Number of protein chains: 2
Amino acid sequence: MSKLASDSATLATVTPLGCCRPLGREELSADDAEPIAAMFKALSDPVRLRLFSKIAVRPGGEACVCEIQDVGVSQPTVSHHLRKLREAGLLLSERRASWVYYRVAPGALSVMAGLLSQAD
Amino acid sequence: MSKLASDSATLATVTPLGCCRPLGREELSADDAEPIAAMFKALSDPVRLRLFSKIAVRPGGEACVCEIQDVGVSQPTVSHHLRKLREAGLLLSERRASWVYYRVAPGALSVMAGLLSQAD
DNA sequence: CTTCTGTATCGACGTTCTTCGATGTCGCTC
DNA sequence: GAGCGACATCGAAGAACGTCGATACAGAAG
């Protein structure tokens, strides 16, 4: 099977649960906390944050790996971080000819923003 | 000196930088990525996420440690996680008589929500 | 088919994190 | 002052993480 661009790897994709209520709205259950923590963890590394930002600022929220890999770490490390972002449901990947394009997963940002919005 | 409730420890408090633009608005610099990643990292653990939620749902966004420490880990571990949340600028702590109260730091949530808001 | 370029995977190393039991500290009460 | 309850800190053990060089894989080009 293709080793690339499968939408799910170890984690669920974008819509795993009935979450998305603000963190201050109702108390988070242990089961709900797990996948949400995984999304925050995906953005908890400076390199991943910059990679995500580099993709998000592009028109269409999409970029080839070759366009964003100047973040001060090696190529395998960039690939590792992009995989983590994809597994967390924040990015989707697609191969086009020789290049692989990553794009911001639709709804990913709004899910997290909803969690952080003020409850009152 | 008092070992408790100092508002800053290893990390800066709530407003470290000129960040707060949406991640998809302009590309994140390496220097800006660091403190932002630290905030996300604070919420990247399921136990911390639940502790934060337990505090945030209380009226006034405030709770005594004794009211929220049933999250399935030991008391020292709860204390450790609350410290991490405080160091990240997400919580403030204050001692009242025998009890220590933690409350959601004003503005902390909106900073992160602003980063995740849609750019378009 | 061979070579080249772009990207992913593998294996390893050092660092950081989560967790715990033991112990220390603060403030109240007797 | 002695004892107690609430919470923090210490030190250690195991797991998870970020990083790299080496290597494998995919598609394009010759």
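No hydrogens, no waters, no symmetry mates; every other heavy atom, side chains included, goes into these values. Chain letters run A, B, ... following the sequence lines, proteins first and then strands; every chain starts at 1. Keep in mind it's a predicted model, so treat the numbers as computed, not measured.
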What residue among B/L82, B/L85, B/L92 forms side-chain contact (heavy atoms from CB on, under 4.5 Å) with B/Y102?
B/L82
What is the distance, to the nearest angstrom, from the CD atom on B/E94 to the C1' atom on D/dA6?
16 Å
Separation of B/R95 atom CZ from C/dC26 atom C1', in whole Å?
5 Å
From CZ of A/R96 over to P of D/dA28, roughly how many Å is that when rounded to an integer?
14 Å
A/L82 CG to D/dT19 P: how many Å, rounded?
12 Å
Stepwise side-chain contact (heavy atoms from CB on, under 4.5 Å) check, A/I36 with B/L49:
CA-CA 8 Å; A/I36 298 177; B/L49 214 42; 3.5 Å; yes
Sorted by first residue and then second, give each side-chain hydrogen bond (donor to acceptor under 3.5 Å, both in side chains) pair with at least one member in residues 38-56 of chain B; sequence neighbours left out.
A/E27-B/K54, B/R48-B/H81, B/K54-B/D70
Donor-acceptor check, side chain of B/E34 to backbone of B/D31, threshold 3.5 angstrom: yes or no?
no
Can a side chain N or O of B/R83 be found less than 4.0 Å away from OP1 or OP2 on D/dT9?
yes
Specify the separation, in whole Å, of atom CH2 of A/W99 and atom P of C/dC4.
17 Å
Rounded interatomic separation in angstrom, taking CG from A/L91 and C1' from C/dA8:
16 Å
Nearest heavy-atom approach of A/G114 to A/S117 is O-OG, 2.8 Å
Closest to the B/A97 side chain, choosing from C/dC28, C/dA8, C/dG6:
C/dC28
Looking at B/Y101, I'd like to know whether one of its side-chain N or O atoms comes within less than 4.0 Å of OP1 or OP2 on D/dA6.
no
Can you give one letter per nucleotide of nucleotides 16-21 of chain C, going 5' to 3': B for a protein heavy atom under 4.0 Å from the base, S for sugar-phosphate only, - for none?
-SBBBB
For A/E34 and D/dA16, what is the distance between atoms CD and C1' respectively, to the nearest whole Å?
14 Å
In short, A/V57 meets B/R25 closest at the heavy-atom pair CG1-C, 3.9 Å
Quick one: is A/Y102 getting a side-chain N or O under 4.0 Å of the C/dA8 phosphate, OP1 or OP2?
yes
Measure the distance from CD on A/Q69 to P on D/dC20 and round it to the nearest whole Å.
13 Å
Taking OP1 and OP2 of C/dG27, is either one under 4.0 Å from a side-chain nitrogen or oxygen of B/S98?
no
Rounded distance [0.5 Å steps], CD in A/E94 versus CH2 in A/W99
14.0 Å
